[in-house]
Amino acid sequence: MGASLSGSSGMGPGPGLGDIPESCVACVFLYLTPPEICNLARLNRAFRGAASSDSVWEKKLPPNYQDLLHFFPSERYHNLSKKDIFAMLSRPVPFDDGTKEVWLDKVTGRVCMAISARGLAITGIEDRRYWNWVPTEESRFHILAYLQQIWWFEVDGVVKFPFPADIYTLSFRLHLGRFSKRLGRRVCNFEHTHGWDIKPVRFELSTLDGQQASCECCLDDTEHDDINGDHKRGFWIDYKVGEFIVNDSDPVTEVRFSMKQIDCTHSKGGLCVDSVFIIPSDLKEHKRRGVMK
């Protein structure tokens with residue numbers, strides 16, 4: 001028997017990957033990530049067929065992916081496979097006149113969101129003595145709000161969205177100093193940067209169902225920061241405001257958030273406000289070292 005199983009008695013080669021039924025491959029794919037599935041699809045016809053199966057990609061999409069499709073005209077997705085729908089939603093989907101974007105993480109299929117500075121209520125933004133809109137390639141929205149100088153600093157925002165059940169982290173993406181390119185090199189100017197080491201900025205968030213979070217941070221603190229290092233000037237930093245939980249029973253989640261420094265005894269300036277991110281919390285921790293752009 002041992003000789004027969006080993007194939008040394010003249011029998012042909014044993015079963016290979018090409019002999020695995022497509023339905024079995026599809027069952028395995030349910031436990032893999034989308035990038036892993038796409039890589040394995042190159043092996044043979046059965047793997048390629050399973051990698052295009054709607055039953056596989058249905059599990060990779062969030063339960064409320066139909067809500068995201070409403071941002072597109074119906075003819076864009078009417079005849080698409082679930083795989084193509086996943087690919088479409090994994091690219092940024094703009095809404096609210098382009099001031100917000102939502103997308104699916106390409107590995108986990110979980111919902112992420114970014115809100116442009118243009119989608120925020122910024123005190124004094126219409127007065128060019130205080131604020132300016134600056135076009136830049138360093139923002140996913142290609143524009144940011146730059147503060148020259150102000151006494152009452154306040155930025156507020158609100159989002160109402162059918163987030164799927166998860167734990168989310170909300171953060172502000174900020175940059176001390178104004179940057180530009182000179183002779184092909186990135187340079188920063190801190191001419192207007194002042195006042196952020198005197199009093200902390202207060203970050204807050206609240207949800208309609210009563211969840212709240214807040215924290216305070218000096219944006220130009222010269223003391224060592226375990227997360228952001230010793231220097232906060234000249235770098236994009238994601239300032240975590242807090243977390244909120246979305247349950248399966250929540251059809252639409254309303255989140256209000258803000259950052260304030262309204263002590264009018266001193267002015268502050270030289271700050272770039274780019275965007276607000278709402279990202280699943282463990283996904284956010286995984287990407288903390290990277291620049292979320």
Side-chain angles (χ1 to χ4, degrees), residues 20-43 45-96 98-115 140-141 159-171 207 209 243-255 275-287 290 292-293:
I20 302 177
E22 184 178 311
S23 59
C24 293
V25 177
C27 289
V28 174
F29 281 179
L30 293 176
Y31 299 93
L32 302 183
T33 65
E36 291 170 338
I37 293 172
C38 292
N39 285 334
L40 290 173
R42 306 170 185 172
L43 288 176
R45 183 179 299 177
F47 277 67
R48 188 160 54 252
S52 300
S53 169
D54 276 354
S55 62
V56 170
W57 289 96
E58 182 89 37
K59 296 294 185 181
K60 306 305 175 185
L61 290 164
N64 66 336
Y65 74 91
Q66 294 284 353
D67 293 324
L68 305 184
L69 292 178
H70 291 161
F71 295 124
F72 297 92
S74 59
E75 57 269 19
R76 281 282 305 276
Y77 60 84
H78 182 65
N79 293 317
L80 291 183
S81 67
K82 295 296 189 295
K83 178 182 178 181
D84 290 335
I85 288 176
F86 185 95
M88 183 173 70
L89 295 180
S90 64
R91 295 186 289 269
V93 181
F95 64 103
D96 280 1
T99 62
K100 298 180 179 70
E101 289 182 348
V102 65
W103 67 95
L104 301 184
D105 179 71
K106 294 180 180 179
V107 176
T108 65
R110 294 155 76 187
V111 172
C112 306
M113 180 181 289
I115 304 165
R140 65 185 301 122
F141 295 99
V159 62
K160 300 178 182 179
F161 192 79
F163 289 101
D166 212 327
I167 302 174
Y168 295 89
T169 290
L170 186 146
S171 60
T207 63
D209 62 0
E243 297 180 340
F244 62 93
I245 300 172
V246 177
N247 298 310
D248 285 320
S249 58
D250 299 333
V252 175
T253 301
E254 179 176 326
V255 186
S275 53
V276 170
F277 281 94
I278 300 177
I279 306 290
S281 293
D282 55 350
L283 193 62
K284 177 69 173 177
E285 291 300 320
H286 179 70
K287 294 185 177 181
M292 302 199 66
K293 174 177 179 257

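All heavy atoms count here, side chains included; hydrogens, waters and symmetry mates do not. Just so it is clear, the model here is predicted, and its values are computed rather than measured.
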Subject >> Test item: Thr253 and Tyr168 side chains (from C-beta on) under 4.5 Å apart, heavy atoms >> reply: no
Subject >> side-chain contact (heavy atoms from CB on, under 4.5 Å) assessment of Phe244 paired with Ile278 >> reply: CA-CA 10 Å; Phe244 62 93; Ile278 300 177; 3.7 Å; yes
**OP:** Indicate the atoms forming the closest heavy-atom contact of Arg140 with Ala114, along with that distance.
**Re:** CD-CB, 3.7 Å
Original post:
Hey, is the main chain of Leu30 close enough, under 3.5 Å, to the side chain of Lys60 for a donor-acceptor pair?
Top reply: yes
Subject >> Heavy-atom pair with the smallest gap, counting every atom of Leu69 and Met88 >> reply: CD2-CE, 3.6 Å
Original post:
Of all heavy-atom pairs between Pro92 and Glu101, which one has the smallest distance, and what is that distance?
Top reply: CB-OE1, 3.5 Å
Original post:
Are any non-hydrogen side-chain atoms of Leu104 and Leu68 less than 4.5 angstrom apart?
Top reply: yes
Original post:
To the nearest 0.5 Å, how far apart are OG in Ser53 and CZ in Arg48?
Top reply: 14.5 Å
Subject >> Check: Val56 main-chain N/O paired with Lys83 side-chain donor or acceptor under 3.5 Å >> reply: no
**OP:** Mind checking the CD-OH spacing from Glu36 to Tyr31? Nearest 0.5 Å is all I need.
**Re:** 14.5 Å
**OP:** Using atom types as modelled and distance alone, determine if a side-chain donor or acceptor of Asp166 lies under 3.5 Å from a backbone N or O of Arg110.
**Re:** no
Subject >> Main-chain N/O of Ile167 paired to Ser281 side chain as donor or acceptor, under 3.5 Å >> reply: yes
**OP:** With rounding to the nearest 0.5 Å, note down the distance linking CG in Asn64 to NE2 in His70.
**Re:** 10.0 Å
**OP:** State, to 0.1 Å, how close Ala51 and Trp57 come at their nearest heavy-atom pair, and which atoms those are.
**Re:** O-NE1, 2.6 Å
**OP:** Go through the steps to decide whether Leu89 and Phe72 satisfy the test side-chain contact (heavy atoms from CB on, under 4.5 Å), and finish with yes or no.
**Re:** CA-CA 10 Å; Leu89 295 180; Phe72 297 92; 3.8 Å; yes
Original post:
Does the pair Phe95 and Phe161 meet the rule for a ring-ring contact (aromatic ring centres under 6.0 Å, His included), with working shown?
Top reply: CA-CA 11 Å; Phe95 64 103; Phe161 192 79; 5.7 Å; yes
Subject >> Side-chain donor-acceptor pair present, Asp84, Ser81, cut-off under 3.5 Å >> reply: yes
Subject >> From Thr169 atom OG1 to Phe277 atom CZ, the distance as rounded to the nearest 0.5 Å >> reply: 13.0 Å
**OP:** Assess whether atom NZ of Lys82 is packed by more than 12 heavy atoms of other residues, nucleotides or ligands within 6.0 Å.
**Re:** yes
**OP:** Taking the side chain as every heavy atom from C-beta outward, state whether Glu58 and Tyr65 have any pair of such atoms under 4.5 Å apart.
**Re:** yes
Subject >> Closest heavy-atom pair and its distance - Met113, Phe163 >> reply: CE-CZ, 3.7 Å
Subject >> Atom of Phe47, atom of Phe29 and distance for their closest heavy-atom approach >> reply: O-CE1, 3.6 Å
**OP:** Answer yes or no: is there a side-chain heavy-atom contact under 4.5 Å between Cys112 and Leu283?
**Re:** yes
